[in-house]
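Counting begins at 1 with the first residue of the sequence.
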Amino acid sequence: MAKLFYRLQHFLRRAQLLLFFLGVAYIMAGSVLLLQRSIVVTFQKEIDTAALPSLPAPPRSMEVHAARWLYRRTVIQEMDNQPFHALSGTVLYDFRKMTSALCQDTCSESGFRYAGLEYGAECHCGNRVCAQRARGEDCNLDCRGEKGSPCGGVGRMSVYRVEDRLPGQRRYRTVHYHGCFKKPKNSTADFLIQTSGPTHTPQQCIETCTDQDLPLALLRGHDCFCSHVPFLFTVHMSEQEYMCERGNQTNHTSPYDLDYYWVYSTPVLDATCKERRFLPQKSSTLVALSSFPGAGNTWLRHLIELATGFYTGSYYFDGSLYNKGFKGEKDYWQSGRVICVKTHESGQREIEMFDSAILLMRNPYRSLMAEFNRKCAGHLGYASDVHWRSKEWSEFVDSYSSWWVSHALTWLRFAHRLLVVHFENLQKDLVPQLKTISAFLNTSISEERLLCTESNRDGHFKRSGSRSLTFDPFTPEMRARIDEYIRTVDKALRDRNLSGLPQEFMPR
């Protein structure tokens with residue numbers, strides 16, 4: 001018995017010693033990991049002043065159209081504290097499928113000469129490269145959607161020269177005509193840069209100002225001017241078109257006629273308009289951005305982010321939207337770090353979790369078709385004729401049309417504080433609608449950002465146009481049911497002393 005007790009005691013001592021050594025090893029491993037993490041954080045903070053570790057340079061065969069490897073210069077302004085980018089045109093994000101070909105095609109279609117890739121997922125376009133040359137080996141990140149193809153690095157950009165187009169042949173997807181404006185009295189000649197050449201068409205003037213990396217193109221008669229001040233002409237001071245037409249005449253009746261300009265935004269974005277961030281302080285109130293699927297929620301999120309500079313969030317997680325640049329998509333919806341939260345929920349409990357809500361409504365016929373397109377072909381695709389003629393479409397209309405009416409009625413009934421926004425009104429009167437939305441969100445929008453939003457209203461998150469079908473996908477029975485739902489929602493809106501549904505899609 002004593003021998004057995006001795007063996008047990010000896011075993012316990014050995015086990016105790018073993019546990020002691022395991023504990024020491026665990027603590028040491030944790031210390032090493034903590035030290036490694038602090039080194040990584042320090043490295044990230046010093047990335048602007050220290051070069052990345054040397055890695056093998058990419059093979060020459062990877063370089064397309066005289067690719068150059070450039071450092072993205074970051075200059076901090078004393079006033080707005082915003083960075084300037086090496087390429088100042090449009091920006092496209094795809095955190096999952098970015099390729100060099102996708103970036104170059106995007107920049108080429110938008111009329112730019114250079115395409116730059118950074119962080120493996122960011123695509124920048126421009127006509128001038130404003131940065132220092134860096135070592136080729138510093139661009140050590142592969143494109144997310146194309147292994148082996150370089151897509152810049154951390155603080156480094158791979159710049160490609162895209163295919164040149166003939167003068168007057170470039171087509172821009174982000175050009176916007178603002179209207180006829182009178183030159184502000186407090187502006188000086190320094191704001192306007194006159195370009196060379198005897199005459200200019202609007203297309204030629206836009207190309208000229210884009211090539212000079214300037215955000216505004218102004219046409220007075222056949223004289224082209226460019227401006228580096230995007231808020232030179234505020235959005236609310238447009239004049240009648242005939243005032244600019246008078247300036248277009250050969251014989252000016254007075255020098256007064258020369259103060260009027262046709263104003264266009266070029267694809268060049270001011271650096272301020274590109275920057276988006278989370279709220280500087282966590283909000284104690286939650287604002288829902290509610291809509292029936294297919295009503296344009298993603299488009300309105302794009303507009304709100306561009307106008308306010310703050311990320312929007314989501315009650316769900318859509319990886320494809322995160323991959324396209326909606327960085328608030330991954331944030332927990334109750335974090336308080338986003339300006340509003342996308343939701344399609346329509347239950348009383350889910351509605352009452354929000355302190356206030358923006359209810360985005362759209363013609364149910366358009367909403368149903370848009371959501372069916374998304375289900376069949378993704379956010380920017382279109383369903384085929386086979387889909388529209390299938391049983392799937394009729395079943396979809398049966399279930400989703402009743403959801404459209406119940407979604408609107410429950411939000412109208414249970415929302416604590418509600419702003420109703422109509423998709424059709426956003427399309428027609430974007431700026432006034434955005435000002436109303438920003439006031440509801442208790443935030444202000446600068447004239448500069450309003451111009452940016454108006455000029456880039458579609459972004460990369462809205463279907464280009466509408467694909468017309470050769471037949472009507474809605475049967476008479478479908479239309480009778482949907483028209484009744486429209487009347488029900490219109491009455492509910494008016495009962496709450498709100499504007500009814502837009503007249504263009506009311507049943508006749």
Side-chain angles (χ1 to χ4, degrees), residues 288-304 342-346 357-383 387-388 392-412 415 418-430 432-434 436-437 457-458 461-496 498-508:
L289 178 56
S290 174
S291 71
F292 176 77
N297 199 301
T298 301
W299 180 47
L300 183 52
R301 288 178 67 185
H302 159 71
L303 294 173
I304 291 174
K342 164 191 173 179
T343 179
H344 297 312
E345 301 301 310
S346 55
I358 299 171
L359 177 60
L360 175 63
M361 301 189 68
R362 186 183 185 185
N363 183 320
Y365 290 102
R366 297 294 185 186
S367 292
L368 290 169
M369 294 181 70
E371 178 61 8
F372 192 67
N373 277 323
R374 188 197 67 80
K375 282 183 171 294
C376 296
H379 282 283
L380 300 179
Y382 291 92
H387 286 113
W388 294 110
E392 180 186 2
W393 165 243
S394 60
E395 292 176 347
F396 175 86
V397 172
D398 287 342
S399 60
Y400 273 68
S401 61
S402 60
W403 182 14
W404 180 85
V405 65
S406 65
H407 179 275
L409 296 179
T410 50
W411 278 95
L412 288 170
L418 187 67
L419 172 67
V420 177
V421 176
H422 296 287
F423 179 91
E424 292 76 13
N425 293 341
L426 269 175
Q427 288 182 312
K428 291 188 300 184
D429 302 304
L430 179 65
Q433 292 290 316
L434 284 177
T436 301
I437 292 171
R457 57 168 63 203
D458 290 348
F461 310 107
K462 188 172 180 288
R463 289 183 179 90
S464 56
S466 60
R467 180 185 175 190
S468 58
L469 295 173
T470 57
F471 60 94
D472 184 0
F474 295 96
T475 65
E477 293 77 14
M478 291 179 183
R479 288 190 172 275
R481 183 166 61 253
I482 295 172
D483 286 349
E484 186 59 34
Y485 291 154
I486 290 175
R487 296 186 185 94
T488 300
V489 172
D490 182 69
K491 182 178 184 301
L493 286 168
R494 297 182 187 279
D495 288 345
R496 285 199 53 168
L498 298 170
S499 298
L501 295 174
Q503 287 299 311
E504 55 261 36
F505 66 86
M506 289 295 295
R508 290 178 173 80

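Nearest approach of A295 to S367, heavy atoms of both residues: CA-OG, 3.8 Å. Nearest heavy-atom pair across S401 and L368 is N-CD2, 4.0 Å. In this structure, M478 and S394 approach most closely via the heavy-atom pair CE-CA, 3.7 Å. Closest heavy-atom contact between T343 and A288: CG2-CB, 4.0 Å.
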Legend entry - Check against salt bridge (charged side-chain N to carboxylate O under 4.0 Å, His left out), D490 and R494: CA-CA 6 Å; D490 182 69; R494 297 182 187 279; 3.1 Å; yes
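Relative orientation of the H407 and W403 rings is perpendicular, given thresholds of 30° and 60° on the angle between their planes. Aromatic ring pairs are classed by plane angle as parallel below 30°, tilted from 30° to 60° and perpendicular above 60°; the pair F474 and Y365 is perpendicular.
E392 pairs by the salt bridge (Lys or Arg N to Asp or Glu O under 4.0 Å) definition with nothing, not counting sequence neighbours. The side-chain contact (heavy atoms from CB on, under 4.5 Å) test applied to K491 returns D495, not counting sequence neighbours. Evaluation of the side-chain contact (heavy atoms from CB on, under 4.5 Å) rule for P473 yields M369, W388, W393, L469, F471 as partners, not counting sequence neighbours. Evaluation of the salt bridge (Lys or Arg N to Asp or Glu O under 4.0 Å) rule for R301 yields E329 as partners, not counting sequence neighbours. With sequence neighbours excluded, the residues satisfying side-chain contact (heavy atoms from CB on, under 4.5 Å) with T410 are S346, I351, F414. Partners of D398 under the salt bridge (Lys or Arg N to Asp or Glu O under 4.0 Å) rule, at least two apart in sequence or in another chain, are R481. By the side chain to side chain donor-acceptor pair (under 3.5 Å) test, S291 is found to be paired with N297, residues two or more places apart in sequence or in another chain being considered. Every residue was checked against the side chain to side chain donor-acceptor pair (under 3.5 Å) condition with N363, not counting sequence neighbours, and none meets it. Among residues two or more places apart in sequence or in another chain, the side chain to side chain donor-acceptor pair (under 3.5 Å) test is passed with H422 by none. For T436, the side chain to side chain donor-acceptor pair (under 3.5 Å) criterion is met by no residue, not counting sequence neighbours. Residues meeting the side-chain contact (heavy atoms from CB on, under 4.5 Å) test with L409, sequence neighbours left out: V405, T488, A492.
From Q427, atom CD reaches atom CD of Q433 across 11.0 Å, with rounding to the nearest 0.5 Å. Rounded to the nearest 0.5 angstrom, F505 CZ and E424 CD are separated by 5.0 Å.
Side-chain atoms of L300 and F423, non-hydrogen and from C-beta on, never get closer than 4.5 Å to each other.
R374 places no side-chain N or O within donor-acceptor distance of the main-chain N or O of G294, the cut-off being under 3.5 Å.
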